[in-house]
Student: 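I have a structure I would like to understand better, so I am pasting it below and will then ask my questions one at a time.
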Amino acid sequence: MIIRILGPGCPNCKKLEVNARDAVKQLGLGVDFVKVTDFKEIASYGIMRTPGLVFDEKVVSFGKVTDTTTIVELLKTYINERRV
Amino acid sequence: MSVFIWLNDQLLKMVWLSNLVESFLILVGIDIETRFGASLNFFIYDVIKIFILLSVLIYTISYIQSYFPPERTRQILGKHKGIVARLFAALLGTVTPFCSCSSIPLFIGFTNAGLPIGVTFSFLISSPLVDLASVILLASIFNWTVALAYVVVGILLAVIGGTLISWLKMEKYVEGFVYDNPMVTLETEEMTRKDRMAFAKEQVIFIVNKVWIYVLIGVGIGAAIHNYIPESWISAVLGIDKWYSVPLATLVGVPMYADIFGTLPIASALVDKGVGLGTALAFMMAVTTLSLPSIILLKNVVKTKLLILFVAYCTFGIMLIGFMFNILMG
C-alpha cells in the first residue's frame with residue numbers, strides 16, 4: 001500500500017504526514033509514503049485544497065489536517081473494503 | 001447613535017485596553033510622555049488589540065467560510081456567465097477560505113471545470129485583497145467609511161481585472177496541462193456544527209501561527225514611525241503633495257510578502273504622520289494582492305504574457321485607487 005501526501009510543502013502538509021505516520025505505526029502496517037509536491041500531479045487527483053491524503057489512488061481527505069484517530073479509522077475502512 | 005459609537009470605541013478601537021495599558025505602564029514607573037514610553041505604550045496596546053481582534057474575527061469568519069468551500073463556489077460560479085459570474089467570483093472570493101499554498105490547485109480546479117479564466121482571475125484578485133477580517137480591522141484602525149470604500153474598490157479591481165483578461169482572450173496563455181486533467185468531482189462531506197467549530201478553531205491556530213511574526217514586525221515599525229521618525233522626513237518622501245508617493249508606496253509593496261494584519265499598523269502610523277490615505281491604502285493593497293512568492297507560484301500555471309498582464313494590471317489599478325483616494329479625501 002502507498003500513502004500519498006499531496007501539498008506543496010506548507011506546514012499543514014508536514015503535520016498531516018506526521019499524523020499519517022503515527023496512524024500507520026499504531027496499526028503496524030507496512031506502508032510506503034510518497035510526498036506529492038508537483039502541482040500538475042496534485043491537480044490530477046481533483047483536489048482544490050491542500051493538504052490531501054491519498055491511499056493508493058483513493059483520495060480520503062483534503063483541505064484539512066486530518067487527525068491521527070481519524071486516519072486510523074480511514075485506514076481500517078480502506079483495508080476492509082479492499083478485502084471484500 | 002451614541003450607543004453605536006460607544007460600542008465601536010470599546011469593541012473595535014478598544015479604548016478600555018488603551019487605558020489599561022497606560023495605567024499599567026504608569027504603575028511600573030514608565031513615563032508615557034517620553035519617546036520610549038510612548039512607543040512602548042503604542043506597541044503593547046496595538047499588539048494585544050490586533051491579537052484579540054484577529055482571534056475573534058478569524059473564528060467567526062472561518063465559521064461562515066465553512067459554508068463556502070471552493071467546491072461549492074465553483075459550482076455556484078458555473079451557473080453564471082459574463083460580468084455576473086465575475087462579480088459573483090469577486091464577492092465569493094471574500095468568503096471562500098483561501099491560503100496562498102492552495103491558490104494553484106484552486107486555479108487548476110476552476111479552469112478544469114470549464115470556468116472562464118476571467119472569472120477565476122476575479123476570484124484570485126479579490127480573495128487575498130478583500131478579506132472579511134481585514135475589513136473589520138480597517139474599521140477598527142481607521143473608520144467604517146474607509147473600510148467600506150476599501151471593499152468597494154477591491155471588488156471593482158477584481159471584476160474589472162477579470163473582464164480585461166476575458167476581453168483580451170488570454171485563455172491561450174494558460175499552461176496546457178491545466179486543461180488536460182481528468183475532471184474529478186470529489187464529494188464534499190456535510191459538516192456538522194461541531195465540525196464547523198473545530199474548523200474555525202483550527203483556522204485561528206493556523207493563521208495566528210502564520211501571521212504573529214508579521215504583526216510584531218508591523219507594529220514595531222508602526223511604533224518607530226510614530227515616535228522616532230520626524231514627520232518632515234516622511235512627508236518629504238510620502239507626503240500627500242508629492243505626486244510620486246502613490247507609485248512609490250505601490251512599487252515597494254508589490255514584491256513584499258506580508259500579511260494585511262502586519263501591514264495595517266504601518267499604514268495607520270503613516271497616515272498619522274500626514275501621509276495620504278490613498279498612499280497608505282495603495283501600500284496595503286500592493287502587499288496583500290501581489291508578492292514575489294505568489295507571482296512565482298502563478299508562473300507554474302500561466303505563461304509569461306498573462307503573468308505580466310496580471311501583475312501590471314494590479315499594480316496600475318492599485319496606483320489609480322491610491323490617487324483617487326488622495327484626491328477625494330485630501
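So that the names make sense, note that chain A is the first sequence line, chain B the second, and so on, each numbered from 1. Here the structure is a predicted model, which is why all the values come from computation and not from measurement.
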Student: Looking at residues at least two apart in the chain, or sitting in another chain, which of them share a ring pair (Phe, Tyr, Trp, His ring centres under 6.0 Å) with Y78(A)?
Tutor: F55(A)
Student: Which residues pass the side chain to side chain donor-acceptor pair (under 3.5 Å) test with T315(B), not counting sequence neighbours?
Tutor: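 Expected list: none.
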Student: Is F110(B) in contact with chain A via its backbone, its side chain, both, or neither, using a 4.5 Å heavy-atom distance?
Tutor: both
Student: Please round to the nearest 0.5 Å and tell me the distance separating atom CD of E71(B) and atom CZ of F62(A).
Tutor: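 Taking CD in E71(B) and CZ in F62(A), the distance rounds to 4.5 Å.
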Student: Could you grab the distance from atom NZ of K64(A) to atom CD of E202(B), nearest 0.5 Å is fine?
Tutor: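 Atom-to-atom, K64(A):NZ and E202(B):CD are 8.5 Å apart.
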Student: For the atom pair CG (D38(A)) and CD1 (I104(B)), what is the distance rounded to the nearest 0.5 Å?
Tutor: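 These two atoms lie 11.5 Å from each other.
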Student: With a cut-off of 6.0 Å (strictly less than), are more than 12 heavy atoms of other residues, nucleotides or ligands near NZ of K201(B)?
Tutor: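 Open: at most 12 neighbouring heavy atoms sit under 6.0 Å from NZ of K201(B).
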Student: Measure across F39(A) and I108(B) and return the closest heavy-atom pair with its distance rounded to 0.1 Å.
Tutor: O-CD1, 4.0 Å
Student: Please indicate whether K172(B) has more than 12 foreign heavy atoms, meaning atoms of other residues, nucleotides or ligands, lying under 6.0 Å from its NZ.
Tutor: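 Counting other residues, nucleotides and ligands, NZ of K172(B) exceeds 12 neighbours.
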Student: What are the two closest non-hydrogen atoms of R49(A) and P69(B), and how far apart are they?
Tutor: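 Scanning both residues completely, I find the closest heavy atoms to be NH2-CB, 3.7 Å.
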Student: Heavy-atom count around M256(B) CE within 6.0 Å, excluding the residue itself: above 12?
Tutor: yes
Student: Which pair of heavy atoms, one from P105(B) and one from I47(A), lies closest together, and at what distance?
Tutor: CB-O, 3.8 Å
Student: Could you walk me through whether F206(B) and N12(A) pass side chain to side chain contact (heavy atoms under 4.5 Å, CB included), step by step?
Tutor: CA-CA 9 Å; F206(B) 175 66; N12(A) 277 348; 3.5 Å; yes
Student: For K299(B), does the NZ atom sit with more than 12 other heavy atoms under 6.0 Å from it, leaving out its own atoms?
Tutor: yes
